[in-house]
Amino acid sequence: DEWRRSYALETRGDIRGALSAIESLPATDRGAYLFALRHAWLLYLAGRHDDSVAAYRRAASSAPRAIEPRVGELLPLMALRRWQETEQRAREVLRLDADNYLASRRLALALYQLGRFDDARGVYQQVSERYPGDLEMVTGAAWCDLRRGRRDEAATAFRSVLAVSPDDAT
């Protein structure tokens, strides 16, 4: 019942209530992988990013081959603006799952935030080749081009995005 209540409260936007529900599970249930994963997600949503990172790491240690807690951990790391750690963790995910979409996207953003525009552009380009409809990746590569002084290439990419998404703010 507490699981169901937690999900229902999250759906209604009551993250504190959802956390409270999941945290009220018996101690025997709180050591399980799914508890750690759900707890980490709710902590992230609640803005408790350091706690979320720790919970995602607990989930990962309880399921050493699992990808999802490692990908999930990237969200609170990014919220904390811990870009070097985000890069490191994203690369770890990609060593386990070379084509992981979310890890690739988050790696590109981390590299961009670190000012490594050549590296970031390469990752944005790789993701764009696999997901050509992902306009965020196209604009990410264009921003890298702009930062690298390649204005004409950036302008071409920005125009291509605006042609299909005229209100795209990025």
Side-chain angles (χ1 to χ4, degrees), residues 1-117 119-120 123-124 126-128 130-131 133-141 143-144 168-170:
D1 285 344
E2 292 307 311
W3 283 96
R4 181 180 294 123
R5 193 165 77 85
S6 177
Y7 283 108
L9 290 166
E10 178 191 0
T11 300
R12 284 186 251 157
D14 182 358
I15 304 307
R16 292 175 114 184
L19 256 171
S20 178
I22 201 84
E23 288 172 346
S24 72
L25 287 168
T28 54
D29 293 340
R30 283 185 265 142
Y33 170 77
L34 288 176
F35 170 82
L37 189 69
R38 173 108 180 110
H39 194 231
W41 169 246
L42 292 171
L43 289 167
Y44 167 72
L45 291 178
R48 294 173 50 191
H49 300 127
D50 285 314
D51 294 334
S52 177
V53 168
Y56 275 120
R57 288 183 182 169
R58 279 191 300 280
S61 70
S62 71
R65 295 181 46 111
I67 299 295
E68 63 188 339
R70 289 166 175 77
V71 171
E73 181 187 351
L74 299 172
L75 290 171
L77 287 173
M78 291 179 349
L80 292 163
R81 305 182 64 76
R82 289 166 41 185
W83 300 116
Q84 289 178 325
E85 200 171 348
T86 301
E87 176 193 2
Q88 175 190 2
R89 297 293 193 196
R91 289 191 187 282
E92 288 172 11
V93 170
L94 292 168
R95 277 192 289 279
L96 298 170
D97 183 8
D99 290 328
N100 188 286
Y101 172 73
L102 293 173
S104 296
R105 287 177 55 99
R106 293 168 186 171
L107 173 61
L109 178 60
L111 293 169
Y112 183 89
Q113 293 296 328
L114 289 167
R116 293 173 39 205
F117 304 118
D119 294 337
V123 177
Y124 279 122
Q126 288 173 350
V127 176
S128 292
R130 291 190 305 251
Y131 300 90
D134 188 333
L135 298 181
E136 188 177 328
M137 295 297 98
V138 175
T139 57
W143 277 108
C144 290
D168 190 311
T170 57

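Between the side chain of Arg16 and the backbone N or O of Ala46 there is no donor-acceptor pair closer than 3.5 Å. Of the possible polar contacts, none joining the Ser52 side chain to the Arg48 backbone as a donor-acceptor pair under 3.5 Å is found. The backbone N or O of Val71 sits less than 3.5 Å from a side-chain atom of Arg106, completing a donor-acceptor pair. Put simply, the side chain of Trp41 never gets that close to the backbone of Gly72: no donor and acceptor are under 3.5 Å apart. For the pair Thr86 (side chain) and Arg82 (backbone), a donor-acceptor distance under 3.5 Å is present.
Salt bridge Arg70/Asp97: absent, no basic N to carboxylate O contact under 4.0 Å. The pair Glu85-Arg57 meets the salt-bridge criterion, with a side-chain N (NZ, NE, NH1 or NH2) lying under 4.0 Å from an Asp/Glu carboxylate O. Salt bridge annotation for Arg89-Glu92: present, with a cationic side-chain nitrogen under 4.0 angstrom from a carboxylate oxygen.
Cation-pi geometry between Arg58 and Phe35 is not satisfied (NZ or CZ under 6.0 Å from the ring centre, within 45° of the ring normal).
Distance check: Asp134 CG to Tyr101 OH gives 3.5 Å after rounding to the nearest 0.5 Å. For the atom pair Cys144 SG and Arg116 CZ, the distance stands at 11.5 Å (nearest 0.5 Å). Atom OH of Tyr56 and atom CG of Leu37 lie 6.0 Å apart (nearest 0.5 Å). Between the CG atom in Asp51 and the NE2 atom in His39 there is a gap of 8.0 Å [rounded to 0.5 Å]. Atoms CG and CG, from Leu94 and Leu102 in turn, are 10.5 Å apart once rounded to the nearest 0.5 Å. Here the straight-line distance linking atom CD of Glu23 with atom CZ of Arg30 works out to 8.0 Å at 0.5 Å rounding.
Here the closest non-hydrogen pair linking Leu107 and Ala90 is CB-CB, 3.8 Å. Contact detail for Leu42 and Ser6: the closest heavy-atom pair is CD1-OG, 3.6 Å. Contact detail for Pro64 and Ser62: the closest heavy-atom pair is CD-C, 3.7 Å.
Residues forming a ring-ring contact (aromatic ring centres under 6.0 Å, His included) with Tyr33 (at least two apart in sequence, or on another chain): none.
When the shell of 6.0 Å around CD of Gln88 is examined, it contains more than 12 heavy atoms from other residues, nucleotides or ligands. Residue Glu136 qualifies as open at atom CD: its count of foreign heavy atoms under 6.0 Å is 12 or below.
Between Tyr44 and His49, the angle of the ring planes lies from 30° to 60°, which puts this pair in the tilted group.
The side-chain contact (heavy atoms from CB on, under 4.5 Å) test with Glu87 singles out one residue from Leu114, Leu77, Leu74, Asp119, and that residue is Leu114.
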Mind running side-chain contact (heavy atoms from CB on, under 4.5 Å) on Glu2 and Arg5 for me, showing each step along the way?
-> CA-CA 5 Å; Glu2 292 307 311; Arg5 193 165 77 85; 3.1 Å; yes
Residue pair Leu109, Tyr124: steps toward the side-chain contact (heavy atoms from CB on, under 4.5 Å) verdict = CA-CA 9 Å; Leu109 178 60; Tyr124 279 122; 4.3 Å; yes
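Contact annotation: the side chain of Arg81 approaches that of Trp83 to within less than 4.5 Å [non-hydrogen atoms, C-beta and beyond].
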